[in-house]
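Structure first, then comments.
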Amino acid sequence: MIHSRLDAATVPTPVGPLTVLVDADGKVRAAGFTHDHRELSPLIHPELRLPVRAREELGVVTAAVRAYLAGELTALDDLPVRQHSGPWRGRAWSVLRDVKPGDPITYTAFAALAGRPSAVRAAASACARNAVALIVPCHRVLRLDGTLGGYRWGLRVKSWLLDHERQAAGLGVRS
């Protein structure tokens with residue numbers, strides 16, 4: 001089925017606006033900490049890009065984001081996503097969705113879980129190419145020494161997300 005547009009809505013968060021792009025089937029194609037959906041379109045694989053229509057709400061999707069922000073850390077787990085890539089990166093993105101909130105992993109552990117233990121750079125690349133921030137939680141991957149590493153939306157956002165998840169999971173804030 002060919003769809004003619006994506007819908008975009010922005011949800012305020014403590015670290016700035018989160019904009020989400022959803023197709024007509026309700027699958028999230030992109031999400032990021034920006035108020036401008038035009039910043040997200042280039043992150044979507046060219047075969048999946050469509051014109052975007054701004055909306056106030058995206059139903060289940062915006063409700064899930066708000067629930068996550070309120071501390072219901074599993075609220076995003078069942079949101080369907082649609083990204084396009086090769087088989088390994090697709091597997092890596094799927095593995096990211098299984099990383100528990102409040103229990104981040106290293107890039108090395110992520111590579112192993114994705115089936116290529118020696119492919120640490122490829123694991124980092126999968127995080128960098130993830131168009132669906134927050135819902136495919138690449139923020140839950142850290143350097144081997146436990147430091148944050150990179151994050152497309154900034155280390156302040158990554159740090160806040162990790163602290164939010166630790167607090168909501170009852171684990172306290174890391175020092």
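One-based numbering along the sequence shown. The analysis underlying the following values was restricted to heavy atoms, covering all of them including side chains, and did not include hydrogens, waters or symmetry mates.
Counting only distance, with no hydrogens or angles, the side chain of Lys158 and the backbone of Val141 share a donor-acceptor pair below 3.5 Å. A donor-acceptor pair under 3.5 Å links the side-chain atoms of Arg140 to the main chain of Val99, judged by distance alone. Between the side chain of Arg82 and the backbone N or O of Gly26 there is no donor-acceptor pair closer than 3.5 Å. Counting only distance, with no hydrogens or angles, the side chain of Arg29 and the backbone of Leu48 share a donor-acceptor pair below 3.5 Å. Checked by atom type and distance alone, the side chain of Ser159 never pairs as donor or acceptor with a backbone atom of Leu155 at under 3.5 Å.
Distance check, rounded to the nearest 0.5 Å: CG of Leu58 to CD of Glu56 gives 10.0 Å. The CZ atom of Arg129 sits 10.0 Å away from the NE2 atom of His45 when rounded to the nearest 0.5 Å.
Connection of Val60 to Leu73 is established within a shared hydrophobic cluster, with ILVMFWY side chains joined at heavy-atom distances below 4.5 Å, either directly or through further cluster members.
Looking at Thr34 and Asp36, their side chains never bring a donor and an acceptor atom within 3.5 Å of each other.
The two residues Trp153 and Ala31 come nearest to each other via the heavy atoms NE1-O, 4.2 Å. Across Pro51 and Ser4, no two heavy atoms sit closer than the pair CD-O, 3.4 Å. Heavy-atom minimum distance, Arg156 versus Val15: NH2-O, 3.4 Å. Contact detail for Thr106 and Arg143: the closest heavy-atom pair is CG2-O, 3.7 Å. The two residues Phe110 and Cys127 come nearest to each other via the heavy atoms CE2-SG, 3.7 Å. Shortest non-hydrogen contact noted between Ala9 and Thr62 is CB-CG2, 4.0 Å.
In this structure, Tyr151 and His139 have perpendicular ring planes: the angle between them is above 60°, well past the 30° mark.
Not counting sequence neighbours, the partners of Thr10 by the side-chain hydrogen bond (donor to acceptor under 3.5 Å, both in side chains) test are Thr19.
Only one option out of Leu43, Ile44, Asn130 pairs with Gln83 in a side-chain contact (heavy atoms from CB on, under 4.5 Å); it is Asn130.
For His35, the NE2 atom is loosely surrounded, since the number of other residues' heavy atoms within 6.0 Å does not exceed 12. More than 12 heavy atoms of other residues, nucleotides or ligands sit less than 6.0 Å from atom CG of Asp145. The environment of CZ in Arg97 is crowded: more than 12 heavy-atom neighbours from other residues, nucleotides or ligands sit within 6.0 Å.
A salt bridge does not link Glu39 to Arg152: none of the charged side-chain nitrogens sits closer than 4.0 Å to a carboxylate oxygen.
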(request) Show your working on side chain to side chain contact (heavy atoms under 4.5 Å, CB included) between Val22 and Leu6 and close with a plain yes or no. (result) CA-CA 5 Å; Val22 178; Leu6 301 175; over 6 Å; no
(request) For the pair Leu69 and Leu18, evaluate side chain to side chain contact (heavy atoms under 4.5 Å, CB included) and give the outcome as yes or no after the intermediate values. (result) CA-CA 11 Å; Leu69 293 168; Leu18 175 75; over 6 Å; no
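Judged as a side-chain hydrogen bond (donor to acceptor under 3.5 Å, both in side chains), not a single pair has a partner in residues 113-124 (not counting sequence neighbours).
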